[in-house]
Asks: 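The structure follows.
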Amino acid sequence: YKLNNIRKYRYQDDETFLSKEDIQSLLHACKNPKHRLAIALTYSCMLHVNELVSIRIQDIDYTSSLINIVNKDNVIIRKVPFDSSIRPLLSTYLKKVNPSYYLLESKPNQKCSPASIYMAVETASIKARVQYNVNPQIIRRSAIFTLITHGVDISIIKTILGHGEL
């Protein structure tokens with residue numbers, strides 16, 4: 001039902017969806033651990049870039065493999081699961097970079113800017129020779145498209161995304 005609509009949407013609006021191989025190429029091309037983690041979390045958790053840069057260390061629940069997404073008042077608006085493949089990347093990053101408050105910091109206690117994530121993704125896509133103009137939103141949409149094509153119930157995807165509608 002929805003798959004046909006998405007394919008139609010893709011071709012009508014010339015939307016780009018990256019394959020898993022494209023995502024892997026982006027990750028391998030990205031040498032900076034912060035940028036690699038940003039790409040992995042954007043895809044794995046289907047996060048908006050503003051949600052990504054607002055993740056605090058305390059928002060990560062390793063026991064249940066969940067990340068709390070909070071609003072500007074620090075109220076949890078939803079919990080998103082992260083894949084077990086993220087754990088080693090996350091652990092390595094935390095040991096190597098040792099952020100103080102936010103997961104992705106530009107300076108201690110200062111979250112990195114969405115623009116820096118956009119630039120990192122664009123740079124990785126050029127290095128990986130991905131044939132599309134890639135940005136974090138395309139990575140997020142690609143993850144959503146992958147779940148839908150693998151038969152994940154749309155109501156589960158809507159819950160993870162925090163959407164009333166998809």
Asks: Whether the Thr146 and Lys20 side chains hold a donor-acceptor pair (N or O, under 3.5 Å, no angle test) is what I'd like checked.
Replies: no
Asks: Write down the atom of Ala124, the atom of Cys30, and the distance for their closest heavy-atom approach.
Replies: CB-CB, 4.3 Å
Asks: What pair of heavy atoms forms the shortest contact from Tyr102 to Val53, and how long is it?
Replies: CD2-O, 3.9 Å
Asks: With distance as the sole test, does Asp73 use its side chain to make a donor-acceptor pair with the main-chain N or O of Val75 at under 3.5 Å?
Replies: no
Asks: Is there a side chain to side chain contact (heavy atoms under 4.5 Å, CB included) between Arg87 and Tyr62 once you walk through the steps?
Replies: CA-CA 8 Å; Arg87 275 183 187 273; Tyr62 297 97; 3.9 Å; yes
Asks: When rounded to the nearest 0.5 angstrom, what is the spacing between CG in Leu37 and NZ in Lys96?
Replies: 12.5 Å
Asks: Less than 4.5 Å apart, side chain to side chain, heavy atoms only: is that true for Arg36 and Tyr93?
Replies: no
Asks: To the nearest 0.5 Å, what is the distance between CG (Asp83) and OG (Ser65)?
Replies: 8.5 Å
Asks: State, yes or no, whether a side-chain contact exists between Arg56 and Val70 at a heavy-atom distance under 4.5 Å.
Replies: yes
Asks: Under 3.5 Å, is there a donor-acceptor pair between the side chain of Lys31 and the main chain of His28?
Replies: yes
Asks: Can you tell me if Arg78 uses its side chain to pair, donor with acceptor, with the backbone of Ile160 under 3.5 Å?
Replies: yes
Asks: Any sub-3.5 Å donor-acceptor pair from Thr92's side-chain atoms to Leu89's backbone N or O?
Replies: no
Asks: For the atom pair CZ (Arg141) and CE (Met46), what is the distance rounded to the nearest 0.5 Å?
Replies: 14.0 Å
Asks: Which value, rounded to the nearest 0.5 Å, describes the distance between Leu41 atom CG and Leu52 atom CG?
Replies: 6.0 Å
Asks: Taking all heavy atoms of Pro136 and all of Thr42, pick out the closest pair and write down the distance.
Replies: O-CG2, 3.5 Å
Asks: So, are Arg140 and Glu51 salt-bridged, with charged N and O less than 4.0 Å apart?
Replies: no
Asks: Would the number of heavy atoms belonging to other residues, nucleotides or ligands and lying under 6.0 Å from CG of Asn109 be above 12?
Replies: yes
Asks: Output, in order, the C-alpha distance, side-chain angles, deciding distance and verdict of side chain to side chain contact (heavy atoms under 4.5 Å, CB included) for Ile157 and Ile144.
Replies: CA-CA 7 Å; Ile157 297 171; Ile144 296 165; 4.1 Å; yes
Asks: Going from CG on Asn50 to CD1 on Ile55, what distance comes out if it is rounded to the nearest 0.5 angstrom?
Replies: 11.5 Å
Asks: Once rounded to the nearest 0.5 Å, what's the spacing between atom OH of Tyr118 and atom OG1 of Thr123?
Replies: 14.5 Å
Asks: So Asp61 and Ile67, do their side chains get closer than 4.5 Å, heavy atoms only?
Replies: no
Asks: Can you name the residues that form a side-chain contact (heavy atoms from CB on, under 4.5 Å) with Leu18, not counting sequence neighbours?
Replies: Thr16, Asp22, Ile23, Leu26, Val130, Tyr132, Val134, Ile138, Ile139, Ser142
Asks: What I'd like to find out is whether the side chain of Lys34 reaches to under 4.5 Å of the side chain of Cys112, using heavy atoms alone.
Replies: yes
Asks: Any heavy-atom pair between the side chains of Lys111 and Ser106 that's under 4.5 Å?
Replies: no
Asks: According to side-chain contact (heavy atoms from CB on, under 4.5 Å), who are the partners of Thr159, at least two apart in sequence or on a separate chain?
Replies: none
Asks: Any heavy-atom pair between the side chains of Leu90 and Leu103 that's under 4.5 Å?
Replies: yes
Asks: Looking at every heavy atom in both Glu105 and Pro99, which two are closest together, and how far apart are they?
Replies: OE1-CA, 3.5 Å
Asks: With a 4.5 Å heavy-atom cut-off, do Leu66 and Val80 have their side chains touching?
Replies: no
Asks: Describe, in one word, how the ring planes of Phe17 and Phe145 are oriented to each other, choosing from parallel (under 30°), tilted (30 to 60°) and perpendicular (over 60°).
Replies: parallel
